[in-house]
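Heads up, the thing below is written out as structure tokens.
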Amino acid sequence: MSFSVEPPDSTGPSGESRPTSSPLDVYRHSSAHLLAAAVTELYAGVQCGVGPPTEDGFFYDFLTERPFTLEDLAAIEKRMTEIVKQDRAIERRVFSKEEALALFTARGQTLKCELIREKAGDEVQCYAMGDFVDFCLGPHLPSSGCIKAFKLLSVAAAYWKGIEGNPQLQRIYGTSFFTSEDLERHLKRLDEARRRDHRRLGRDLDLFSISEDTGAGLILWHPKGAFIRTKIEDYWRDEHLKGGYDLIYTPHIAKLDLWKTSGHTEYYRANMYSPIEIENVEYQLKPMNCPFHIMILRSKPRSYRDLPIRYAELGTVYRFERSGVLHGLMRVRGFTQDDAHVFCRPDQLESELIRVLDFVTSILRTFGFEQYEIFLSTRPDKSSGTAEQWETATAALKHALEARDLRYAVDPGEGVFYGPKIDIKIKDCLDRAWQCSTIQVDFHNPQRFELEFIGEDGRAHSLVMVHRALLGSLERFFGVLIEHYAGAFPLWLAPVQAVVIPVSIRHAEYAHRVAADLRESGLRVDVDDRNEKMGYRIREAQLQKVPYMLIVGDREQEAGSVSARHRRRGDLGPMNPRELARRINHNVSERVVQEEPTASTGGVS
RNA sequence: GCCGGCGUAGCUCAGUGGUAGAGCAGCUGAUUCGUAAUCAGCAGGUCCUCGGUUCAAGUCCGAGCGCCGGCUCCA
């Protein structure tokens, strides 16, 4: 198993301080300058903000009178091409602070002046590309002519310095590569991402929907989506029972007082729905499951012999999310966490964390995810507990990561209010990272709820709890799965594993007989005997990403066989239905993710 | 929430203040077909909602709701 980690870009959009180490970063940084040069030449009075390289390209922020349109983007791109042709030298220049301020003031670049005042020392380093000059640490390419392949992609608003409340600038996103082949490949990848968009596939494959009448961010799981979810949940439950967890269920609301005790009303209120009053008592729709699990633990005294206790629940929570952040299944207002809480003695903490890490990687691998980005998030500003507790908790997480030789990056101040956490972002087949798994150490809640166990010495001791979700939320995880597989789910998850297609109406009876036999062997099989041409029905099954199409006509009826067509491998030729069922069943029980390479081996995926 | 864009049939989209349109999907019929779309007919509309301007609003204006791209925030 390999792990790759890229450090989080904690410098943010004021990214002039972002280290531009890699050659491609430098190339893209110069591309951003090229963009800014073109914009300032085309539009008088435009102010420049910042323009760093990013993981996939670059952007530059501008303060403008009116927003840029797509036509503007085309014009800017044209001017950029001209500047590249001119092959302007990119020259490093050093000014005194006074000179620099005078220069940028004269050009009406007050945002740059602000940055210079904040960031520059006595000497102000700038880079010029023709008449365009930018306050910048560099380094840069020698000349604009070095930029061979670039494209502007989109325009959107961004807060000045990334601070909400600051004026919004117009951010132009673009990308550039050393060669036009690389650029083409990247643009193809963007196309591929659009093709895999879970929102489109969710509708086309009839997996889920979101209705304006129901409410934004609230998911309606259609039968096929619900089926896949059930398969995921069944697997999840089996693994948790094997893994030493106890399964529990808890309510969706609880008295507001419970959330006061847990600290949620104090630290998490912005994400909570308003309380509901019932018989003069306020109740709160749950944003998290932990207090309920705590109540179960607290329902009777616990001995050191009982620990660790691991409670797991597919718990549905509701969080208020601002309207602009909602996004298909990825960011919703009601979601089901595959949540669990491990209650243990302090001396058990590290081994429990290691156990969770092993568990999460084994579960994720089943779904075909073997590449991760791992982050250790430390104490945020708004948090509860003592410095020692945070240190102990953070160290425990760190030791667990090191024990398993997992590379990670520290994400400062990104922990939860009650403790630090490990976030695991899974990488999909397009190399995109998705935040799913989270592992959190919590001293705060045990203290708040006075969680104790009776030790060997007969006295009460405080315990520690670990919050963890492996898939994160079933909604988001499903969205990631849809995009990862482009809707072509592996056999163990596919709602329909095979469609029997009779060549003509006189083969319909045989088709239904074959389907019935296959269902008898445990397969999920439909018959498409509609009055349409075979090609039409094959096309439809292909578009629905059904793994197998089983064509039956005179030849098959005669021989008692089917002609199998695989969604990816195409025509596999005649097969014995029982043999096919045996292979599919084997594939399902092994939860095979990768399709086997060739038809000739008789492989089935 | 903020900035920008968008909202017309189930889906993708035309529609320039004056009679609401196409393709696909759906339904009906014909066709009985060998590995990604057979042909014909029919039906389908609160032009997102509310308010305003106008003789007249899908079209112009305002507010709200939702969606899209970002920012910010996050499982």
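Heavy-atom basis, side chains included; hydrogens, waters and symmetry copies ignored.
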Quick check for you: among [options], whose closest atom lies nearest to any side-chain atom of [X]?
{"X": "Y159(A)", "options": "rC33(B), rC3(B), rC2(B)", "answer": "rC2(B)"}
{"X": "S473(A)", "options": "rA75(B), rG66(B), rC2(B)", "answer": "rA75(B)"}
{"X": "R506(A)", "options": "rA75(B), rU32(B), rC2(B)", "answer": "rU32(B)"}
{"X": "R476(A)", "options": "rG1(B), rA75(B), rC67(B)", "answer": "rA75(B)"}
{"X": "R199(A)", "options": "rC3(B), rG69(B), rG1(B)", "answer": "rG69(B)"}
{"X": "S154(A)", "options": "rG69(B), rG66(B), rC33(B)", "answer": "rG69(B)"}

Parallel, tilted or perpendicular: rings of H467(A) and Y418(A) (30°, 60°): parallel

Relative to the ring of F417(A), is the ring of H264(A) parallel (under 30°), tilted (30 to 60°) or perpendicular (over 60°)? perpendicular

[N]: pairing nucleotide in any strand, Watson-Crick or G-U under 3.5 angstrom:
{"N": "rG23(B)", "result": "rC11(B)"}
{"N": "rC60(B)", "result": "rG52(B)"}
{"N": "rC6(B)", "result": "rG66(B)"}
{"N": "rC73(B)", "result": "none"}
{"N": "rU38(B)", "result": "rA30(B)"}

Select base, sugar-phosphate, or nothing to describe what [X] touches, counting heavy atoms under 4.0 Å on all strands.
{"X": "E475(A)", "answer": "nothing"}
{"X": "A216(A)", "answer": "sugar-phosphate"}
{"X": "V332(A)", "answer": "base"}
{"X": "D204(A)", "answer": "nothing"}
{"X": "K425(A)", "answer": "nothing"}

What is the distance, rounded to the nearest whole Å, between atom [atom1] of [X] and atom [atom2] of [N]?
{"X": "R530(A)", "N": "rU28(B)", "atom1": "CZ", "atom2": "P", "value": "13 Å"}
{"X": "D381(A)", "N": "rC73(B)", "atom1": "CG", "atom2": "C1'", "value": "15 Å"}
{"X": "I505(A)", "N": "rC33(B)", "atom1": "CD1", "atom2": "P", "value": "11 Å"}
{"X": "L218(A)", "N": "rC65(B)", "atom1": "CG", "atom2": "P", "value": "16 Å"}
{"X": "L153(A)", "N": "rG5(B)", "atom1": "CG", "atom2": "P", "value": "20 Å"}
{"X": "L152(A)", "N": "rG70(B)", "atom1": "CG", "atom2": "C1'", "value": "16 Å"}
{"X": "F68(A)", "N": "rG5(B)", "atom1": "CZ", "atom2": "P", "value": "14 Å"}
{"X": "D72(A)", "N": "rG5(B)", "atom1": "CG", "atom2": "C1'", "value": "14 Å"}

Looking at the base of rC2(B), is there any donor atom on it, or on the side chain of R322(A), that sits under 3.5 Å from an acceptor on the other one? no

For the base of rC74(B), is there a side-chain donor-acceptor partner from Q435(A) under 3.5 Å away? no

Hey, does the side chain of [X] come within less than 4.0 Å of [N]'s phosphate (OP1/OP2), counting only N and O?
{"X": "S323(A)", "N": "rG1(B)", "result": "yes"}
{"X": "H327(A)", "N": "rG69(B)", "result": "yes"}
{"X": "R203(A)", "N": "rU12(B)", "result": "yes"}
{"X": "Y173(A)", "N": "rG4(B)", "result": "no"}

Pick the [atom1] atom in [N] and in [M], then give their distance to the nearest Å.
{"N": "rC11(B)", "M": "rC47(B)", "atom1": "P", "value": "16 Å"}
{"N": "rG34(B)", "M": "rA75(B)", "atom1": "C1'", "value": "49 Å"}
{"N": "rG17(B)", "M": "rC2(B)", "atom1": "P", "value": "31 Å"}
{"N": "rC61(B)", "M": "rU53(B)", "atom1": "P", "value": "15 Å"}
{"N": "rG18(B)", "M": "rA22(B)", "atom1": "C1'", "value": "22 Å"}
{"N": "rG45(B)", "M": "rA20(B)", "atom1": "C1'", "value": "8 Å"}
{"N": "rC3(B)", "M": "rU72(B)", "atom1": "P", "value": "16 Å"}
{"N": "rC50(B)", "M": "rG7(B)", "atom1": "C1'", "value": "15 Å"}

Quick check on RNA chain B: between Q440(A) and G324(A), whose nearest nucleotide comes earlier from the 5' end? G324(A)

Between D554(A) and I210(A), which has a closest nucleotide on RNA chain B that is more 5'? D554(A)

Does [X] [atom1] have over 12 foreign heavy atoms under 6.0 Å away?
{"X": "E579(A)", "atom1": "CD", "value": "yes"}
{"X": "R530(A)", "atom1": "CZ", "value": "yes"}
{"X": "R189(A)", "atom1": "CZ", "value": "yes"}
{"X": "K545(A)", "atom1": "NZ", "value": "yes"}

Approximate separation, where rounding is to 0.5 Å, of I248(A) CD1 and D339(A) CG: 8.5 Å

For a ring pair (Phe, Tyr, Trp, His ring centres under 6.0 Å) check, start with the C-alpha distance between F68(A) and Y43(A), then their side-chain angles and the critical distance, and finish with the verdict. CA-CA 10 Å; F68(A) 291 116; Y43(A) 307 94; 5.6 Å; yes

Pairwise side-chain contact, D61(A) with L111(A), heavy-atom cut-off 4.5 Å (strictly under): no

Check the side chains of R229(A) and T336(A) for a donor-acceptor pair under 3.5 angstrom, ignoring hydrogens and angles. yes

Are R28(A) and F58(A) in a cation-pi contact, defined as NZ or CZ under 6.0 Å from the six-membered ring centre and within 45° of the axis? no

Protein heavy-atom contacts under 4.0 Å, written 5' to 3' over nucleotides 35-40 of chain B as B (base), S (sugar-phosphate only) or - (none), form the string BBBB--

